[in-house]
Amino acid sequence: MTDKLWSGRFTKGMEGPVEKFTASVAVDARMYREDIDGSIAHARMLAAQGLLSGEEAEAVIGGLRAIQRDIEKGAFAFDAALEDVHMNIEAELTRRIGEAGKKLHTARSRNDQVATDFRLYTRKALVEIAGGLRSFMGALLVKAHDHVDTIIPGMTHLQHAQPVSLAHHLLAYFEMAVRDHQRITQALEGVNVSPLGSAALAGTPHPIDRDSTARELGFSGPSRNSLDAVSDRDFACEAAFVCSMIMMHLSRLAEEIVIWNSQPFSFMELPDGCCTGSSIMPQKKNPDVAELVRGKTGGVYGGLMAVLVMMKGLPLAYNRDMQEDKKPVLECLDTVASSLESMTGLVAGLSPRKEVLEKSLKEGFITATDMADYLTGKGMPFRDAHRVTGEIVARCVSLGKGLADLRLEELTAFSTLFEQDIFAALDPGTSVDRRKSFGGTARENVRTALTEARALLEALAHEK
Ligand code: ARG
């Protein structure tokens, strides 16, 4: 019961269970670096404004850096009785440097302090996630480069639809990642506003300079309204949403990898390093990384919901409910970072089984659309071509044959437009290469798309 030593309002400390219940330090200790950076910027500003002497500011800054070193060495004991990272660091500072430490909180409240720290932390984490996303995108491009000529059955409804280049399929995930990257950039704009100096809710009578602290902390500028600044967690919701979208995309790829790797498909071999065995079934090699990414997506959506619902209906300004913002959002950020890293390795280690893919392309009448397109090319209205091809497929089903197994005479019985060249049109490679429409899967297109994707990734890496 060492809390509230700083407050004259209380004669009794908190009950043990209440202290434990209300403390947030177990979660927010991770923001020590941001807390110290924010305090140093604040101290410098106070000194520049004549609110701290030069020596006091030096003592504060030196003391804070020493505390940072101790934390990083693991030589700092955070105390739940001091509630959070902010009070822990401030109390220790005062214990070490005396009077000057007590002046640090001039013109500041924990309400603007916690909002500042959380924004700084979220900014750092999102920048790291953007880097992880680019590595993932790089792995997609390397794999796509190696597999322009690997044709796979493109699916709709998880049924054979039309052949596509595996590179085209991987580039679809690249597009999702490009949008995710853009969303991070947009989210960062929202994150990068400084609440510092809004104080508890109404601003401060002290002559502070909010522009200078914002600048020093790398923010684009100070927030405009003090009430909004201390009670706004839009940035946290947006970060959790960005994370949710990334996980949604990763989970879709993860699911495809699970399917591709399952015995009935056997399209791909996975790297041993991303799989585990079974404790009982000796033959097993399970796609754990993909399954866990798929599973963790639920937790990330949960984090988004947690922070959205926590904020719902909160009156202005700060409410203690808001202490519950960090756990879900930090978990979202952590999970996305580790999922991206694992998926990067998984994608890099995918080895498609060409023989299995080739065999699979012979099933499911995957080039039926090409037959309809062939007839359409010869002047038959597409709807009629669709019907005629459907009848041919039905005949093949009853004969237990594929489209290319029929003889020309069997085909001309359905339409006299069929000629010998129909058989070339039914080849999966031809099917792919004929889809030259912009954004289509023709290998020529895919090679151009790959070159453009590489340039785009390069540009994203240099974006600020
Ligand atoms: N531990 C609090 C949090 O994380 C810090 C802000 C406390 N402010 C207050 N007025 N009690 O939200």
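Heavy atoms only: backbone and side chains are in, while hydrogens, waters and symmetry mates are out. Whatever order the structure lists them in is the order used to number ligands and atoms, beginning at 1.
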Could you give the distance from OG (Ser342) to CG (Leu292), rounded to the nearest 0.5 Å?
-> 8.5 Å
Identity of the nearest option to atom 10 (N) of ligand 1, non-hydrogen atoms only, from Asn111, Val27, Leu201, Asp84 = Asn111
Which atoms of ligand 1 are found less than 4.0 Å from any heavy atom of Glu83?
-> 1 (N), 2 (C)
For Ser24, is at least one N or O under 3.5 Å away from an N or O on ligand 1?
-> yes
If you have a sec, work out which protein heavy atom is nearest atom 6 (C) of ligand 1 and how many Å separate them, to one decimal?
-> Tyr318 OH, 3.5 Å
Parallel, tilted or perpendicular for His169 and Tyr173, by the 30°/60° rule?
-> tilted
OH on Tyr121 to CG on Asp28, rounded to 0.5 Å = 11.5 Å
the protein heavy atom lying closest to atom 11 (N) of ligand 1 turns out to be Arg110 NH2, 3.7 Å
Step through the shown structure and confirm whether more than 12 heavy atoms of other residues, nucleotides or ligands are within 6.0 Å of NZ on Lys124.
-> yes
Sub-4.0 Å heavy-atom contact, Lys326 with ligand 1 | yes
CD of Glu58: more than 12 outside heavy atoms within 6.0 angstrom?
-> no
Just checking, is any N or O donor in the side chain of His249 or Arg179 under 3.5 Å from an acceptor N or O on the other one?
-> no
Protein heavy-atom partner closest to atom 2 (C) of ligand 1 - residue, atom, separation in Å = Gln323 OE1, 3.3 Å
